[in-house]
Amino acid sequence: MAVPVTAATEPVRPVSARHFVRLKLRVMANNFRGQSWRVALFVAGVFVGVWFAVGGFLLLAAPGFAGEPRYALLAAAFGGGLLVLGWLLLPLVFFGVDETLDPARFALLPLPRRTLVGGMFAAAVVSVPVVATLIATTGLVVTAGALGGAVAGLVAAVGVVAGLLLCVAASRAVTSAFATMLRSRRVRDLAAVLLAVVAALFGPLQIMVLAAVREADWDRLVEVAAVVGWTPFGAPWTVGLDVAGGRAWAVPVKLLITAAAIGALLLWWSRSLESAMVGAAGAAPAKPRRGPVGGAVGQLFPRVLGGVRRDRFGALVARECRYWWRDARRRANLITLAVVGVFVPVLVNLGGNGFAVSPDQGFESSGSSSPVMLSVSMLTVGVLASVTLANQFGFDGSAYAANVVAGVPGRLELHARMAAFSVYVVPMLGVVAVLIAAILGEPGWIGVAAGTLLAAYGAGLAINGLVSVLGAYSLPETSNPFAMNTGAGMAKSLLTVLSMAGSAAAAVPMVVAAALLGASWLWLALPLGVAYGLGAALLGAYIGGDVLDRRQPELLATVTPRR
Amino acid sequence: MTGEHSALALRGLAKSFDGKVAVAGVDLDVPAGSFFGLLGPNGAGKTTSLSMAVGLLRPDQGRAWVLGHDVWGDPVRAKRLLGVMPDGVRLFDRLSGGELLAYHGLLRGMDPAVVDQRAAELLDVLALADAGRTLVVDYSAGMKKKIGLACALLHGPRLLVLDEPFEAVDPVSAALIRDILHRYVVGGGTVVFSSHVMEVVERLCSHVAILADGTIKRVGTLDEVRGERRLEEVFVEAVGGRTATGEELSWLSR
C-alpha cells in the first residue's frame, strides 16, 4: 500500500562536518583498493611528512630546552609566519590542492553554504600535511611549557591548533580564489599581474630580512618578531610565549586576531567555492571570437608560427601552442614559471650578501656573486622550466586519444611538444638571462647565464620527455588548475623531485666548466650551452619517442581520469 | 579492392580490468559495405570492444584487422583506413571547430588546401559554421558529437567506427547524422556503431550484433537476428532483462 509522503513528515537529518570527513576518508580508502603502488606512495608520503615534522619539532622546541626566551620568540614568530606563508604559496607554486572532495559534486545537494564550507574545511584538515605540521608545531608547546610552565604550554597548544586551522583556511581560500580567477578568461590577466606582484614583493622583503640578518642586530630582529606576533602570521604561534613572558592579556587579543583571520578566509573561500560549484556547469562566457578570416588551417596556426610548415609536425606544434595559453592548468604553470624564473636567481645571487641598503643610493649590489654561483642559479631555473613537462600527457587527458587514433610517431610527438613549449620558454629564459646580468651589473655574464639556462633546459627536456612517457598520471577533469587526484600529490612530488635531480645532474657539466675554465668560459658558454641543450633534447626525444611508440595505448590509459 | 576482406574482423578479443572481466572473447566479422549496429546494455563491453578494435586499448588476448591490416601488428596501415569517434573521450576542446578539423586533417598527413576545403564543407553541412570561433569546450553536447563525427570523416576513411553516435543528440542533429552515415555507406564505406537505442538500429542497420556480459549473444543481418519479432524483444531476451511487477517502489505513487 502506498504511504503518502510529504516533506513535513519525513525527518531531515542534519548534515554535519563529520559526514564530510567520513566521506573523504572513504574516498581515500577506495582509491587505495587494489592499487598497491598507491598505498606505497602514500606510505612514502607519510614518511617524508614525519621526517620534516620531526625536524621542525626539534627546531621549534630547541629554544625551550635551551631556556632562551628571545630565540623562542624568533622561532615562534618567524617559524610560524613562514609556515603560514608556505601553506599560502606552496600549493599555488608547487603542490596543488588535494581535491578529493570536488565542490562541484555538491552543487545539487540541498546544503546551506555554511554547512558546506564547514564540512569541506573539516575534510581539508584531515590530511598528511596537516598532521605533519601539527607534529612540528608541538615544538612550540614544548618551548612554552619549558619556559612558562603548564599553563603557558596549554595556551600554546590552543594557539597551535588555531594556527593550524589558519594555515588550512589560507591555503584553501587562496587556491580557490586563484582557480576562479584563472578559470574566467576575462580576469586571467589580472591574476597574472597579481601573481607577479606577489613575486615582486619577495624582492624587497628579502632585502629587508637580509639587511636585518647581516647586521646581526638581535634586538631589532626581536622587535620585528614581536610585531609579526601581532599579525595573523605570528599571532597564533606566540600566545604561549606571551603567557610565559607575563603578558597574559595579549592572549585573548591574539586569539581573536587569529579567529578573525580564519573567519575572513572562510568567508572568502565560501564566495569562490560557490562560483566553483556552478562554474563547472557554465562559467565560460561563450562570446563569439573573432579572428583572421581564412581557412581552418590558417586559424589553427598562431601568428608566431607563420613560417612553420603546414604538416603533421606543424599541426602538433600549433595545437600545443594554443593549449599552453588556453588551458587554465597549463597557463597557471606558465605564469608560475615566469614568476619563479625571475625570483630564484635573484634570491640565489643576492642571497649570501647581496644588497646593501644605503640611505642615499637606494640599493647597490655588493658584487660578490660569481659565474659559478650564477651558473647554479641558472641551472635551477632551466630545470624548473623543463620540469613543467614532466606530466605533459596528463594535461591532455583522454583527448590524447586523437593522436593515438591518428598514429602519431613517438619522436614526432615529443619533438613537437618540446618545440611548442620552447616557443614560450626560450624567450622567457632570454629575458631572465638579460635581467639577471643587468641586476648584477655584469653585462659580460649574459652569455654564461643564457648558455647555462639553455643547456639545463635542453637536458631537462630530455629527462622530462622520458619521465612524461613512463611516469604519466591522470589529472582530475575539474576546472581548478590546482586540483590533484588523491594520492597523485605524492606521485607528483616524487616524480618532480626525481626528474629535477636527473635534469640537474645532466646539466652539471655547465657548472663544472664555469668553475674550471675561467674567463674563456664567458665566451664559450653560450654556443656550447646551446649545442649541449639541443643535443640533449634531441637525444631524449630519440629515446623517449621509441618508448612512446611501444606504449601509446598504455599511456592513454594512465592519463585518462577514472570516472 | 577489398572484396576478400571483412571491413573489420575481431578474433577472440578479451580484456579484464583489475581481475574483473570486461570483454570475454569477442569474434566478429563486419562485411565491407555494411551498416553494422553493435547493441548492448550499459556495461556490456561495447566501448571496451570497440577501443580494442581501433587501437586505443591493448587487448589481453585476441587480434583485430581493418580491411585485412592487423591493427596491433601494422597500426599505420590500419589506422589510415580508419575513422573513429570514441565515446567518453574528450576532444582537444580548447580549439575552435575549424581549428580542431585542421589539426585532425594535418595529423592525417592531408594537404592543407584539401583540409581547408573539406573542413569548410563539413562545418557547413553539419550546421556548425555559425559557431564561428567558439571553442569546442563551449559547444553543446549535440554539437560536440557532430564535430567529433566531422573529425572522423575528414580524411575519407574506408571504415567508420562510432561509439554511441546518437547519445545526447537532439532529433534534428540525429537525422542529419543518420543522413550523412547513410550516404557514406551507399558510397561504399562501412559503418560500425554502438548503441542501445533499438529504433535507430532497426531503421539504419543492415547487420546487428548483440553484446552482453562481454560476449556476443546474437549476430547476423537484421532480419536474421530479429526474425518475426521486434528487435527489442530479441534484445531483452538475449540480455536477460527483467520486467517490473508493479509491487516495488510503491512509495513513488501518492
Side-chain angles (χ1 to χ4, degrees), chain A residues 1-6 33-35 185 282 284-292 294-301 309-316 318-319 322-323 325-328 330 396-409 477 549 551-554 556-557 560-561 563, chain B residues 18-19 51-52 54-58 72 75-76 78-80 82-86 88-109 111-113 115-120 122-123 130-135 137-139 151-152 155 250-254:
Chain A
M1 197 179 85
V3 181
V5 179
T6 61
R33 206 158 53 183
Q35 309 258 355
R185 298 198 188 111
K287 59 170 181 184
R289 304 158 51 88
R290 270 172 295 147
V297 176
Q299 288 173 21
L300 177 65
F301 284 74
R309 292 242 317 268
R310 266 60 174 152
D311 56 5
R312 284 202 293 186
F313 177 75
L316 284 164
R319 203 265 305 150
R322 292 280 188 214
Y323 259 66
W325 194 246
R326 286 186 190 168
D327 185 355
R330 297 194 189 202
D396 290 351
S398 53
Y400 177 62
N403 294 12
V404 180
V405 167
V408 179
E477 282 185 348
D549 276 335
R551 59 187 311 267
Q552 254 186 354
E554 284 76 14
L556 176 63
T560 302
R563 284 181 298 162
Chain B
D18 300 331
S51 296
M52 290 190 289
V54 299
L56 282 175
L57 181 69
R58 199 183 296 279
W72 292 98
V76 177
K79 285 174 176 177
R80 195 170 294 156
L82 191 61
V84 182
M85 183 172 78
V89 160
R90 278 171 43 179
L91 298 160
F92 277 111
D93 53 16
R94 256 64 177 200
L95 302 178
S96 70
E99 290 168 357
L100 186 64
L101 285 175
Y103 176 65
H104 276 263
L106 294 178
L107 218 53
R108 294 289 191 168
D111 181 68
V115 173
D116 272 346
Q117 181 237 326
R118 288 195 190 172
L122 276 167
L123 288 175
D130 292 342
R133 304 209 66 200
T134 309
L135 299 188
V137 69
D138 295 333
Y139 276 17
C151 289
H155 63 290
S250 57
W251 48 267
L252 271 175
S253 50
R254 296 216 177 169

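Here is how names work: the chains are called A, B, and so on, in the same order as the sequence lines, proteins then strands, and each is numbered from 1.
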Exercise. At a heavy-atom separation under 4.5 Å, does B/D111 approach chain A through its side chain, its backbone, both, or neither?
Worked result: neither
Problem set entry | Heavy-atom closest pair, residues B/L106 and A/F301 | CD1-CE1, 3.7 Å
Problem set entry | Expected output: side-chain B/K79 to main-chain A/V408 donor-acceptor under 3.5 Å | no
Problem set entry | Structural part of A/F313 lying under 4.5 Å from a heavy atom of chain B | neither
Problem set entry | Test item: A/N403 and B/Y103 side chains (from C-beta on) under 4.5 Å apart, heavy atoms | yes
Exercise. Are side-chain heavy atoms of A/Q299 and B/R133 found at a separation under 4.5 Å?
Worked result: yes
Exercise. Any idea which heavy atoms bring A/S398 and B/G88 closest together, and the distance?
Worked result: OG-O, 4.4 Å
Problem set entry | chain A contact via B/A120 - which portion, at a heavy-atom distance below 4.5 Å | neither
Problem set entry | Nearest non-hydrogen partners of A/P553 and B/G55, listed with the distance | CG-O, 4.2 Å
Problem set entry | Contact class of A/R310 relative to chain B, heavy atoms under 4.5 angstrom | both
Problem set entry | B/P112 portion near chain A, given a 4.5 angstrom heavy-atom threshold | both
For this session: Go through the steps to decide whether B/R108 and A/V405 satisfy the test side chain to side chain contact (heavy atoms under 4.5 Å, CB included), and finish with yes or no.
Result: CA-CA 10 Å; B/R108 294 289 191 168; A/V405 167; 3.3 Å; yes
For this session: Below 4.5 Å from any heavy atom of chain A, which atoms of B/L101 appear? Answer side chain, backbone, both or neither.
Result: neither
Exercise. How many angstroms lie between atom CG of B/L100 and atom CZ of A/R322, to the nearest 0.5 angstrom?
Worked result: 13.0 Å
Exercise. Which heavy-atom pair separates A/A402 from B/L107 by the least distance, and what is that distance?
Worked result: O-CD2, 4.4 Å
Seminar exercise, completed: Correct closest heavy-atom pair for A/R319 and B/L95 would be CG-CD1, 3.5 Å
For this session: Identify which part of A/V297 has an atom lying under 4.5 Å from any heavy atom of chain B, answering side chain, backbone, both or neither.
Result: both
For this session: Indicate yes or no: at least one non-hydrogen side-chain atom of B/V137 is less than 4.5 angstrom from one of A/R326.
Result: no
For this session: Side chain from CB out, backbone as N, CA, C, O: work out which of these in A/R551 comes under 4.5 Å of a heavy atom of chain B, or both, or neither.
Result: backbone
For this session: Tell me, for A/L556 versus chain B, whether the close heavy atoms (under 4.5 Å) come from the side chain, the backbone, both or neither.
Result: side chain
Problem set entry | Close side-chain approach of A/Y400 and B/V89, heavy atoms under 4.5 Å | no
Exercise. Given that the side chain runs from C-beta out, which part of B/H155 has a heavy atom under 4.5 Å from chain A: side chain, backbone, both or neither?
Worked result: neither
